[in-house]
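Take a look at the structure below.
Counting convention: from 1, in listed order, for ligands and their atoms alike. Nothing fancy with the numbering, it's 1 onward along the sequence. Here the structure is a predicted model, which means the values were calculated and not measured.
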Amino acid sequence: MKPVIALTKGRLEKQFLAYFESLDFDVEPLLDKGRKLRIETSEFSFFFAKGVDVTTYVENGIADLGVVGGDILIEHKPDVYDLFPLPFGHCRMALATKANYEWPNQKKRIASTFTNITNAYFKEKGESVDIIKLEGSVELAPILGLADAIVDIVETGTTLKENGLVIADEFLHFSARLIANRSTLKVKRQQLVPVIERFKKGVNEE
Ligand code: PRP
């Protein structure tokens with residue numbers, strides 16, 4: 001059986017393909033996948049899922065390996081081997097507000113998808129805040145008055161800029177990471193180690 005690799009849909013997808021191609025892997029079947037969620041290449045079985053679900057599939061041994069943003073690992077702490085950083089998907093975690101925003105005197109309301117990261121950030125500052133969980137487009141929250149600020153990932157900064165938000169603080173930097181199921185890595189060692197080494201080669205050459 002071919003190794004099974006879970007890939008994060010969306011932003012990381014294109015960057016992964018470019019990286020994969022640079023390592024001389026067969027990417028042809030992945031380039032024109034349309035809406036298909038599972039793709040077979042000559043060497044691997046791939047499937048595409050949301051980042052947090054990639055970790056669930058890897059944790060449960062459905063996928064041997066996974067490519068996921070470091071933000072997801074910090075937020076959800078899945079029980080997987082976090083092998084190494086990959087040379088793409090570079091982002092940072094930021095606290096952002098409307099430009100020239102005057103913070104209220106009462107408890108701040110912070111909207112985020114990353115509630116654990118937000119909680120840890122404010123705990124370290126010794127500040128008690130109300131955290132509002134959103135599933136996406138969190139930039140809307142300060143604009144519409146749901147929150148005073150957001151904690152979210154920033155890659156190019158375009159989304160903040162185009163929505164009139166500015167960074168108040170930056171506190172975590174991360175990239176995409178290669179993860180593996182803990183027991184599969186032992187059981188399928190012979191098959192997986194050469195693949196992992198090949199991924200690593202690209203990292204070392206960066
Ligand atoms: C992420 C993040 C920001 C945006 C930042 O959202 O939540 O909205 O990317 O990227 P930028 O700095 O390059 O503009 P994503 O596109 O992953 O979708 P989401 O809103 O569904 O989380």
Legend entry - atom 5 (C) of ligand 1: nearest protein contact (heavy atom, Å): I153 O, 3.5 Å

Legend entry - atom 20 (O) of ligand 1 - nearest protein heavy atom and its distance: S137 N, 3.1 Å

Legend entry - Nearest neighbour in protein (non-hydrogen) for atom 21 (O) of ligand 1: G136 CA, 4.1 Å

Inset, instruction - Specify whether Y19 and F88 have parallel, tilted or perpendicular ring planes, treating 30° as the upper limit for parallel and 60° as the lower limit for perpendicular. - result: tilted

Legend entry - Minimum-distance protein heavy atom relative to atom 14 (O) of ligand 1: T159 OG1, 2.4 Å

Inset, instruction - Might you check, step by step, whether the distance between atom 18 (O) of ligand 1 and some protein heavy atom is under 4.0 Å? - result: no

Legend entry - Atoms of ligand 1 close to T156 [distance to a heavy atom under 4.0 angstrom, numbered from 1]: 11 (P), 12 (O), 13 (O), 14 (O)

Inset, instruction - Only counting residues at least two apart or in another chain, list the ones meeting salt bridge (charged side-chain N to carboxylate O under 4.0 Å, His left out) with K133. - result: E135

Inset, instruction - Please state whether G10 comes within less than 4.0 angstrom of ligand 1, counting heavy atoms only. - result: no

Legend entry - Any donor-acceptor N/O pair, Y101 side chain to A96 backbone, under 3.5 Å: no

Inset, instruction - Starting from atom 7 (O) of ligand 1, locate the nearest protein heavy atom and write down its residue, its atom name and how far away it is, to 0.1 Å. - result: D152 OD2, 2.6 Å

Inset, instruction - Provide, to 0.1 Å, the distance between atom 1 (C) of ligand 1 and the closest protein heavy atom, together with that atom's residue and name. - result: R11 NH2, 2.9 Å

Legend entry - D148 and K108 ion-paired at < 4.0 Å: no

